[in-house]
Each structure stands twice: as C-alpha cells, then as structure tokens.
Amino acid sequence: MTRIAIYPGSFDPPTRGHEDLARRAVGMVDRLIVAIAINPNKQPLFSVEERLAFLSTALGDDPRIEFASFSGLLADFAREREAHIVVRGLRAVSDFEYEFQMALMNRRLNRDLETVFLVPAVDLTYLSSSLVREAARFGGNLEGLVHPMVQEALSARFRT
Ligand code: PNS
C-alpha cells in the first residue's frame with residue numbers, strides 16, 4: 001500500500017519552516033502532497049498560482065513531493081487523493097489548541113484520516129507566514145527565512 005500524506009496550509013508565502021517540515025514529512029511516507037487550501041474568506045497576499053510556483057521551486061527537487069490546491073474540506077480532498085495522513089507543524093504550545101480541534105474535526109469528517117504533528121528545526125520555531133509578511137511590508141531582511149524566490153516576490157510586492 002502506498003502511504004500518501006497531505007501537508008495542507010495557506011503557505012502565504014511558504015517559509016523555510018514549511019520547507020523544513022515538508023522534507024521531514026516526506027521521509028516518513030511514499031508520497032507527500034503539499035496542498036494550498038483556498039479560503040474564500042481570506043484575502044491572500046499571493047495568488048494560488050504564485051504560491052504553487054514558490055512551493056515547487058523550493059521543494060520540486062524531490063520527486064516524492066507534489067503540489068496541489070483545493071477548495072472545501074481537507075477531509076474530502078484527502079479522500080479524493082486516497083491520503084490517510086495529514087501532516088501539520090507544531091511550533092509552540094500556542095499552536096496546540098487549534099491544531100488539536102482541527103485534527104479531531106478532520107477525523108470526525110473522515111474516519112480514515114490521522115493527523116501527525118512534526119516540529120520544525122529549532123531555529124525556525126518562531127517563524128510564520130504572517131510574521132514574514134509583516135517584516136517584508138516594512139523592509140525587513142528575510143534572508144534565510146524564505147526561499148530567495150519568495151524574498152524577491154515580497155520585495156516586489158512591497159516596493160513603492
Ligand atoms: O496554514 P494554515 O492557515 O494554518 O492552514 C490551515 C488549513 C488550511 C490547514 C485549514 O484551515 C484547512 O484545512 N482548511 C480547509 C477547510 C477545512 O477542512 N477545515 C478544517 C475542518 S472544518
């Protein structure tokens with residue numbers, strides 16, 4: 001049986017923390033689908049196409065990783081892709097409550113789905129897409145925190 005996992009998220013934009021987690025996750029399965037959730041209630045900084053391009057540039061060297069986007073429920077997308085594992089990152093205790101609720105809800109919606117939590121490299125634990133967007137907005141140096149392609153796109157987005 002092929003073990004397929006989904007690593008879902010907004011990835012707006014992907015950070016080195018996301019990359020680190022995807023590379024750790026893929027070592028545990030046969031195939032990893034990094035999937036961008038399309039949320040009609042959110043106004044993302046980058047389009048789905050841009051985010052897919054960032055992810056495939058940063059992680060596309062590994063043939064076991066594929067990239068996708070989905071609308072609607074993760075539980076349904078997992079069923080459609082025959083994935084039985086969801087991978088999520090836990091950076092701090094503050095992540096736990098939301099992640100715990102989401103894991104249980106996803107299992108309720110799809111009883112064949114298990115959520116696995118991974119911790120990122122310790123020097124990336126404080127990193128989040130929202131902090132990256134905020135720092136970029138005010139001209140902060142993001143070297144080492146995001147892929148150079150993302151860094152370039154952020155500079156272009158906030159250039160006046
Ligand atoms: O990177 P994020 O924003 O923390 O990711 C959250 C995400 C996209 C994984 C979560 O919001 C999600 O799975 N959205 C799809 C809708 C869904 O299935 N929600 C959870 C059960 S109601």
Side-chain angles (χ1 to χ4, degrees), residues 3-26 28-29 31-60 62 65-137 142 145-147 149-151 153-154 157:
R3 280 166 311 163
I4 305 170
I6 297 180
Y7 177 24
S10 304
F11 304 111
D12 186 35
T15 68
R16 288 294 196 200
H18 293 125
E19 291 174 38
D20 175 72
L21 216 82
R23 292 197 190 278
R24 289 176 197 281
V26 78
M28 306 192 308
V29 294
R31 196 140 57 83
L32 180 72
I33 304 169
V34 182
I36 299 171
I38 299 170
N39 182 345
N41 299 320
K42 267 193 191 171
Q43 190 58 53
L45 181 61
F46 293 107
S47 69
V48 171
E49 292 71 28
E50 286 171 309
R51 285 178 276 162
L52 282 171
F54 297 150
L55 288 168
S56 56
T57 302
L59 294 164
D62 191 324
I65 305 181
E66 62 178 87
F67 310 94
S69 61
F70 69 98
S71 308
L73 290 176
L74 173 61
D76 293 335
F77 179 67
R79 210 175 274 117
E80 193 184 299
R81 293 301 191 98
E82 298 182 350
H84 298 292
I85 304 166
V86 171
V87 175
R88 291 285 290 171
L90 274 185
R91 293 162 301 184
V93 177
S94 51
D95 283 342
F96 180 76
E97 193 168 340
Y98 171 62
E99 295 297 335
F100 181 68
Q101 288 176 335
M102 205 160 61
L104 290 176
M105 187 61 164
N106 281 330
R107 192 197 276 153
R108 171 83 191 217
L109 295 168
N110 177 347
R111 63 194 160 100
D112 297 324
L113 206 50
E114 291 296 345
T115 301
V116 170
F117 296 107
L118 297 180
V119 289
V122 70
D123 54 326
L124 298 172
T125 47
Y126 64 93
L127 197 54
S128 68
S129 297
S130 55
L131 274 185
V132 160
R133 290 195 302 272
E134 170 109 351
R137 194 181 302 277
L142 295 170
L145 302 182
V146 294
H147 188 281
M149 183 194 189
V150 175
Q151 208 177 344
L154 284 164
R157 191 56 50 102

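These numbers come from the heavy atoms of this one structure, side chains and all, not from hydrogens, waters or symmetry mates. Every number for a ligand or one of its atoms is a count from 1 in the order of the listing.
Other residues, nucleotides and ligands place no more than 12 heavy atoms under 6.0 Å from the CE atom of Met105.
The aromatic rings of Phe11 and His18 sit perpendicular, their planes meeting at an angle over 60°, well past the 30° parallel limit.
Between Arg16 and Glu19 there is a salt bridge, since a side-chain N of the basic residue sits under 4.0 Å from a carboxylate O of the acidic one. At a threshold of 4.0 Å, the pair Asp20-Arg24 counts as salt-bridged, since one of the basic side-chain nitrogens sits closer than that to a carboxylate oxygen.
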> How far apart are the C-alpha atoms of Leu74 and Met102, what are their side-chain angles, what is the distance that settles it, and do they pass the side-chain contact (heavy atoms from CB on, under 4.5 Å) test?
Replying inline: CA-CA 10 Å; Leu74 173 61; Met102 205 160 61; over 6 Å; no
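At least one side-chain heavy atom of Tyr126 sits less than 4.5 Å from a side-chain heavy atom of Leu145.
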Which pairs of N or O atoms, one from ligand 1 and one from the protein, are separated by less than 3.5 Å, and what is the distance for each pair?
unit_1: ligand 1; atom_1: 1 (O); unit_2: Ser10; atom_2: N; d: 2.9
unit_1: ligand 1; atom_1: 3 (O); unit_2: Ser10; atom_2: OG; d: 2.6
unit_1: ligand 1; atom_1: 4 (O); unit_2: Arg88; atom_2: NH2; d: 3.0
unit_1: ligand 1; atom_1: 5 (O); unit_2: Arg88; atom_2: NH1; d: 3.2
unit_1: ligand 1; atom_1: 18 (O); unit_2: Leu74; atom_2: N; d: 2.8

